[in-house]
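Worksheet: one structure, shown below.
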2 protein chains.
Amino acid sequence: MKDKAEVACCGPASAQPDLRPVEGADADEELAALAKALGHPARVQILRILVRRNACVCGDIVDELPLAQSTVSQHLKILKDAGIIRGDVDGPRVCYCIEPRALRRLKALVGAL
Amino acid sequence: MKDKAEVACCGPASAQPDLRPVEGADADEELAALAKALGHPARVQILRILVRRNACVCGDIVDELPLAQSTVSQHLKILKDAGIIRGDVDGPRVCYCIEPRALRRLKALVGAL
DNA sequence: ATCCTTCATCGTGATTCGACGATAGGTGGC
DNA sequence: GCCACCTATCGTCGAATCACGATGAAGGAT
């Protein structure tokens, strides 16, 4: 049952648009925080993995990266703290998936540059 | 003659599209490097200043930020090393402006997420 | 030539990051 | 209960970041 993880653990993308401004001091801080979370190749790679398998994978990420499990877990925490991904516990494993809202927000902020 | 700086020191945006791929290992590194450069509020602010005055300002940036001159210079160097901005010497002062190519590239990479 | 302005660089200290191994916490199977 | 598996967290180390003041280099102005 290796395909089980393809069932998304995270609900469908909430389609409501972001209303917050895309510039100003708060937006600067927000963009900087999001960019900082993306400011490492491993984290970009993790994000790409989660986008590719639109469903959420858990520790398969560790197998795809040349990093120790603890290091990957740390990167996942950074992405989660930034609000870019979400991690839902699914039995003994944890199911990570991207947070579409945050990704849209990032695109909006970068697009406003 | 305070309005002199409004004349752009940098040529008009080269309109040729970017041909490089927006995913893959190289793209991951590239996006991470660009994001890392943006991963600080002061640098986002600097970028916004340079976009607002589409012409290039030099040390006026120091006046707009609550940071020491050396600190601002350091942030400018980071942005310049990342290829996001350019600095042309204009007499005793240096004229910074955004590098439209890099900005477009960033938007393409983020958009591909 | 001498000063003054402008910016970059150096050196420093405090903080954070990135990576790892080791360890602890849950969960399911036996 | 006990054991195996998957994650998270802790502790640690070296390296990088961030901020600053001080110093240096280069170009006008007088």
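Letters A, B, ... are given to chains in the order of the sequence lines, protein chains preceding strands, and every chain is numbered from 1.
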Counting side-chain heavy atoms from CB outward, which of [options] is closest to [X]?
X	options	value
Q69(B)	dA8(D), dC6(D), dA8(C)	dA8(C)
P92(B)	dA8(C), dG18(C), dG27(D)	dG27(D)
S70(A)	dT7(D), dG21(C), dG18(C)	dG21(C)
L67(A)	dT7(D), dC20(D), dC20(C)	dC20(C)
R93(A)	dC6(D), dA8(D), dC18(D)	dC6(D)
R43(A)	dG27(D), dG18(C), dT9(D)	dG18(C)

Could you check how far [atom1] of [X] sits from [atom2] of [N], rounded to whole Å?
X	N	atom1	atom2	result
L65(A)	dC20(C)	CG	P	11 Å
Q74(A)	dT16(C)	CD	C1'	11 Å
H40(A)	dC17(C)	NE2	C1'	8 Å
Y96(B)	dC7(C)	OH	C1'	7 Å
I46(B)	dA19(D)	CD1	P	10 Å
L79(A)	dC17(C)	CG	C1'	14 Å
K80(A)	dT7(D)	NZ	C1'	10 Å
D88(A)	dG26(C)	CG	P	18 Å

Output yes when at least one side-chain N/O atom of [X] is less than 4.0 Å from OP1 or OP2 of [N], else no.
X	N	value
K36(A)	dC17(C)	yes
H75(B)	dT17(D)	no
T71(B)	dC20(D)	yes
S73(B)	dA8(C)	yes

Connected via hydrophobic side-chain network under 4.5 Å: I78(A) and V94(A):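 Each belongs to a different hydrophobic cluster.
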D26(B), CG: over 12 other non-hydrogen atoms inside 6.0 angstrom: no
Residue closer to the 5' end of DNA chain D, V62(A) versus A42(B) (nearest nucleotide):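 Per heavy-atom nearest nucleotide, the more 5' residue is V62(A).
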Positive for salt bridge (Lys or Arg N to Asp or Glu O under 4.0 Å) with E99(B), one of R86(B), R104(B), K80(B):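 Passing option: R86(B).
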Of V89(A) and G39(A), the one whose closest DNA chain C nucleotide lies more 5':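 The 5'-side residue here is G39(A).
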side-chain contact (heavy atoms from CB on, under 4.5 Å) partner of V57(B), chosen from V62(B), I49(B), D63(B), I46(B): I49(B)
Under 3.5 Å: donor-acceptor pair, side chain of R43(A), backbone of A32(B): no
